[in-house]
Structure formats: C-alpha cells, structure tokens
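Report on the following structure.
Numbering of residues begins at 1 and proceeds along the displayed sequence.
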Amino acid sequence: MENRIARLEARINQLEKEVAELKKAAGLSGDKGKKAPMSGNEEALLSACESAGAASKRVKIGKLRDEMGWDAKEFDDALDALAKAGRILLHQGSMGLSLSNMDSMFMGDNGESFTEVSIP
C-alpha cells in the first residue's frame, strides 16, 4: 500500500509541474511581474494596440495590420507572441475565410479565426 501511495504522490507532483508549465505557456500563471522581455516588434505592436484604444475596447486586427505595414509573417509572429504571453487577448469573429478577408484576421494554432484584439 505504501508503494502505491508513493507512486501516486510522484504522479501528482509530475502533474502539478505540467499544469504549472501549461499555465505559464498560456499566460495564466499568477506571476504577472516576471513576464519575459518583449522583442522590438512585440513592443511596437503592443504600443500600436494601446494607441488604438485596445485597453478600453476591441480593435480590429485588419486596422493594426494596415497601421503597422509589416509583412504578414512578421505581424502574425508578434501578435501570436503577445497573445501567448498574456499581454493581449484575441477575439474571434464571424468573418468568412475568403482571400479578401485574410488580411483582416489572425489564424490561431487550432484554425480559429480572430478578428479583434484587446488589452487585459
């Protein structure tokens, strides 16, 4: 019985570590004061979000793309990093997946289409 309890305690410890890693990766850890430093692009995009009023309302991703004038990968990488760090929130929209709409959205890791951002 003691052997089984020891194995269960070891498994619980492992699961607690995995949960902590997942929370950190999702930006949900309670450690808000120790966020990783941002890249220059991330800082510039966050500043653009703030200037557009994302702290008090949702801002269209297409508007930010136009404002920044970056290539799509550069913009998407910075947006994704900010979202994963918990510095911005991505909001889904009901926009169709046509080529004309692709510049107005951000595609998530699981195929979600996000059309707006806000700052938590």
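Judged as a side-chain contact (heavy atoms from CB on, under 4.5 Å), and not counting sequence neighbours, the contacts of A81 are E42. K73 meets the side-chain hydrogen bond (donor to acceptor under 3.5 Å, both in side chains) test with D77; sequence neighbours excluded. By the side-chain contact (heavy atoms from CB on, under 4.5 Å) test, E112 is found to be paired with Q92, N110, F114, residues two or more places apart in sequence or in another chain being considered. Under the side-chain contact (heavy atoms from CB on, under 4.5 Å) criterion, E16 pairs with I12, N13, not counting sequence neighbours. Every residue meeting the salt bridge (Lys or Arg N to Asp or Glu O under 4.0 Å) condition with D109, not counting sequence neighbours, appears here in chain and number order: K84. Checked against side-chain contact (heavy atoms from CB on, under 4.5 Å), L8 has the following partners two or more places apart in sequence or in another chain: R4. Among residues two or more places apart in sequence or in another chain, the side-chain hydrogen bond (donor to acceptor under 3.5 Å, both in side chains) test is passed with E74 by N41. The side-chain hydrogen bond (donor to acceptor under 3.5 Å, both in side chains) test applied to Q14 returns E18, not counting sequence neighbours.
Atom CG of L89 and atom SG of C49 lie 10.5 Å apart (nearest 0.5 Å). Going from atom CD1 of I61 over to atom CE of M107 covers 11.0 Å, rounded to the nearest 0.5 Å.
The side-chain hydrogen bond (donor to acceptor under 3.5 Å, both in side chains) contacts involving residues 47-62 comprise R58-H91, K60-E116, where partners must be two or more places apart or lie in separate chains.
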Checklist entry - side chain to side chain contact (heavy atoms under 4.5 Å, CB included) between F106 and T115: does it pass, once the steps are laid out? => result CA-CA 6 Å; F106 170 75; T115 58; over 6 Å; no
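Salt bridge annotation for D71-R65: absent, with no cationic side-chain nitrogen under 4.0 angstrom from a carboxylate oxygen.
W70 and V117 fall within the same hydrophobic cluster, where Ile, Leu, Val, Met, Phe, Trp and Tyr residues are linked whenever their side-chain heavy atoms come under 4.5 Å apart, directly or through other members.
In this structure the side chain of D80 never reaches within 4.5 angstrom of the side chain of L90, judged on heavy atoms.
Residues L46 and I88 approach most closely at CD1-CG2, 3.9 Å, considering heavy atoms. K63 and A52 make their closest contact through NZ-CB, 3.9 Å (heavy atoms, listed as atom of the first residue, atom of the second, distance).
Judged purely by atom type and a 3.5 angstrom limit, R87 has no side-chain atom pairing as donor or acceptor with the backbone of P120.
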